[in-house]
2 protein chains.
Amino acid sequence: MNARATRLAILNAARRLFVEQGLHGTTTAAVARQARVAVGTLFHHFPSKTVLLEALAADARAHRDAHLGEGVDPRDPVADQLRTVVVGHLRWSIAEPERHRFLELLGATPNVAASPLAAAGGDDVLLGVVERGRREGILRDLPADLLVAIGQRLGATLAAHVSLHPELADDPAFLDQAFAACWGALGRD
Amino acid sequence: MNARATRLAILNAARRLFVEQGLHGTTTAAVARQARVAVGTLFHHFPSKTVLLEALAADARAHRDAHLGEGVDPRDPVADQLRTVVVGHLRWSIAEPERHRFLELLGATPNVAASPLAAAGGDDVLLGVVERGRREGILRDLPADLLVAIGQRLGATLAAHVSLHPELADDPAFLDQAFAACWGALGRD
DNA sequence: GTCTATATATGGATAGAC
DNA sequence: GTCTATCCATATATAGAC
């Protein structure tokens, strides 16, 4: 197995275990076992557990952002852009449940949420849409950062529900209602 | 210091540290230090770290439920009941930020969210309101458990924002908009 | 009930052979 | 690059004096 493949095996094993057992609940030994490599090999590729976490975070964000970047057309009405972002995020979190849950976990973990590890970065897409919506006066009279947070949390809640009922991912009626709920929360009455 | 006071000091210290540094990030030694008792004393009152977590969880839920139980009048329209629950929860999470964050943390921690520790229990109040709303056909055509989850997450998001801007807790315009966002997400258009 | 001192296990990380 | 064996710090929990 070449170096690249070994590195990938470690990343995949680590992501899975971190999501299943938590950040502190997962030992480097367990990651190595799951990846079918020796502990020394793990530390050869990732000099510390923190570096491993950072690599996973960067990977997950890059993956998500690449997925979200496409598709949002600045010429569309804000409501359409928002729908594109929300549904896109929903689809991504269904397609990549572990990466999604890993990012959620990072954000929810004290002393990690504040570190560079949790630097949002990719939610810029949503932020851009929200800021344009506010300028146009079609969103609620709430702070922009709160609107972004609401959009994120709502998206994550929907994603968690759909991950339990995968058939909903392609149910147009459900997706309509789900987006309607988001728009109902964010849009001006 | 009597036994009751010692127990309380340990609980308060533990809650604070768990919220600040995470469940696994907090050692029993650190809790004892913060509570100004010896490690042996801690383990005298709580035979294990798990028991301490359970006691903390039970305390936080009882506190929240006692607060939420009052105030919901079954004769009110569902929208009013919902507002009572949402605003009540918001106020509670502002008044008791550590208990609130501790419950959030429990729910977000793998291998803890699934354990008896995370048994919801007190969100029965919200569940009751949502079920009545669905029967009356005034809520969105989404599964009841998803509606409850949306209400909870939205409430938690608002609470997190208000904890950063405490002055909003008594701003009627903000509370109106905040509740409007919840109702927009949950209520039928 | 509270303390100090310690047992026991396990964690992250390293050394050095291959 | 990968392995085995091991170091060292720290974590939970206990023992037993006061």
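Keep in mind that this is a model prediction, so the values were computed, not measured. Each chain gets a letter, A, B and so on, in the order the sequences are listed, and its residues count up from 1.
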For A:Gln21 and C:dT10, what is the distance between atoms CD and P respectively, to the nearest whole Å? 15 Å
Using OP1 and OP2 only, check whether a side-chain N or O of B:Thr28 sits under 4.0 Å from D:dA11. no
Starting at NZ of A:Lys49 and ending at P of C:dT14, how long is that distance when rounded to a whole Å? 15 Å
From CG of A:Leu42 across to C1' of C:dG11 the rounded distance in Å is 13 Å
B:Thr27 near the nucleic acid: base, sugar-phosphate alone, or nothing, with a heavy-atom cut-off under 4.0 Å? sugar-phosphate
Output the single nucleotide from C:dT2, C:dC3, C:dA13 whose closest atom is nearest the side chain of B:Val37. C:dC3
Would you check if the side chain of A:Thr26 reaches a backbone N or O of A:Leu17 as a donor-acceptor pair within less than 3.5 Å? yes
Send over the distance from A:Phe46 CZ to D:dT2 P, rounded to a whole Å. 11 Å
Salt bridge between B:Asp80 and B:Arg75, side-chain N to carboxylate O under 4.0 Å? no
Would you tell me if any nitrogen or oxygen in the side chain of B:Thr41 comes within less than 4.0 Å of OP1 or OP2 on C:dC3? yes
Is the distance from the ring center of B:His67 to that of B:His63 below 6.0 Å? no
Quick one: which of C:dC3, D:dC3, C:dG12 gets closest to the side chain of B:Ala38? C:dC3
A:Leu17 CG to C:dG12 P, straight-line distance once rounded to whole Å: 12 Å
Take atom NE2 of A:His24 and atom P of D:dA9, then tell me their distance rounded to the nearest Å. 21 Å
Can you identify which nucleotide, out of C:dC3, D:dT12, C:dG1, has its nearest atom closest to the B:Phe43 side chain? D:dT12
Any heavy-atom pair between the side chains of B:Pro166 and B:Ile94 that's under 4.5 Å? no
Is any side-chain N or O of A:Thr6 closer than 4.0 Å to OP1 or OP2 of D:dT2? yes
Taking side chain as C-beta onward, heavy atoms only, is A:Glu54 less than 4.5 Å from A:Thr50? yes
Assert: residue with more 5' nearest nucleotide on DNA chain C, out of B:His44 and A:Pro47, is B:His44
How close or far is atom P of C:dT2 from atom CD1 of B:Ile10, stated in whole angstroms? 8 Å
Atom-to-atom span, CG of A:Leu53 to C1' of C:dG12 - whole angstrom: 13 Å
